Amino acid sequence: MLILESFLLTVGQIIREYIIFAILFAFLMLYIRYKAGKRNNIGCFFFYLYLVIIYGATILSRVGTEKVITEDFLGIKQLFQNPWYIVSFIENIFMFVLFGILFVIAFYGVRVQCLKGALFVSLSVELLQGIFHLGEAQIIDLCSNVLGAFLGWIVMNKIYLWKWRKNHSSGK
């Protein structure tokens, strides 16, 4: 419960600090999609808001004094030696479960597209952390983020499958 509470407090702080920027960014992205002839929906709006929250929590809210890359750049040794890294691993999974859910809602994404998107966002976060000295750039974070997106994708597909079966069994 402590992990979820810590994660929600961080998200709440990021939302308070970057809400105006996030809303403007989401509207800009919807406008670009509209001009490109893409379908506009509320799912895309929330997905773009979520992206700003991700970058806000991992890049914008940090001060450039932390380590860049540790001697354990994979992060596996630290995961089993320090309980904080286990909490961080689980937080990364939670953070990207919502990515998978919103990706499917916004773009009706198939698994490969969702995982590619999660990998791209996660890789960009890790590279930015490494370049600007904003945290520890580790491979294990990439893996936990993609795992979280995959779990979110599974959740949404189970929900869609359940709704489809419900509609087709009742004769609609």
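No experiment lies behind these values; they were computed from the predicted model shown. Counting begins at 1 with the first residue of the sequence.
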Exercise for the section: Drop me the distance from Asn145's CG to Thr58's OG1, to the nearest 0.5 angstrom. Expected result: 8.5 Å
Exercise for the section: Specify whether Phe107 and Phe47 have parallel, tilted or perpendicular ring planes, treating 30° as the upper limit for parallel and 60° as the lower limit for perpendicular. Expected result: perpendicular
Practice task
Would you check if the side chain of Gln129 reaches a backbone N or O of Ile59 as a donor-acceptor pair within less than 3.5 Å?
Solution key: no
Kindly list each side-chain donor-acceptor pair under 3.5 angstrom involving residues 92-104, sequence neighbours excluded, with atom names and distances?
unit_1: Asn92; atom_1: ND2; unit_2: Ser88; atom_2: O; d: 3.4
unit_1: Asn92; atom_1: ND2; unit_2: Asp141; atom_2: OD1; d: 3.0

Problem - Rounded distance [0.5 Å steps], CG in Leu147 versus CG in Leu142 - result: 12.0 Å
Practice task
State, with a plain yes or no, whether a side-chain heavy atom of Phe46 is found less than 4.5 Å away from one of Leu49.
Solution key: yes
Handout entry: Check: Ile19 and Ile23 side chains under 4.5 Å, non-hydrogen atoms
Key = yes
Exercise for the section: Assess whether atom CZ of Phe45 is packed by more than 12 heavy atoms of other residues, nucleotides or ligands within 6.0 Å. Expected result: yes
Practice task
First locate atom OG of Ser144, then atom CD1 of Ile139, and finally report the distance between them rounded to the nearest 0.5 Å.
Solution key: 11.0 Å
Handout entry: Closest heavy-atom pair and its distance - Cys44, Leu30
Key = CB-CD2, 3.6 Å
Problem - Single-linkage hydrophobic cluster Val155~Val112, side-chain heavy atoms < 4.5 angstrom - result: no
Handout entry: Transitive ILVMFWY side-chain link Trp153 to Trp164, under 4.5 Å
Key = no
Problem - Rounded distance [0.5 Å steps], CD1 in Ile154 versus CD1 in Ile159 - result: 12.0 Å
Problem - Tyr31 side chain near Lys35 side chain, heavy-atom distance below 4.5 Å - result: yes
Completion exercise
Scanning both residues in full, the closest heavy-atom pair of Phe21 with Val52 reads CD2-CG1, 3.7 Å
Fill in the blank from the handout: One should read off an interatomic distance between Asn157 CG and Trp162 CH2, to the nearest 0.5 angstrom, of 15.0 Å
Completion exercise
All heavy atoms of Gln138 vs all of Glu126, minimum pair found to be N-OE1, 3.0 Å
Handout entry: Over 12 foreign heavy atoms within 6.0 Å of CG, Leu161
Key = yes
Completion exercise
Separation between OG (Ser122) and CG (Leu127), nearest 0.5 Å, reads 9.5 Å
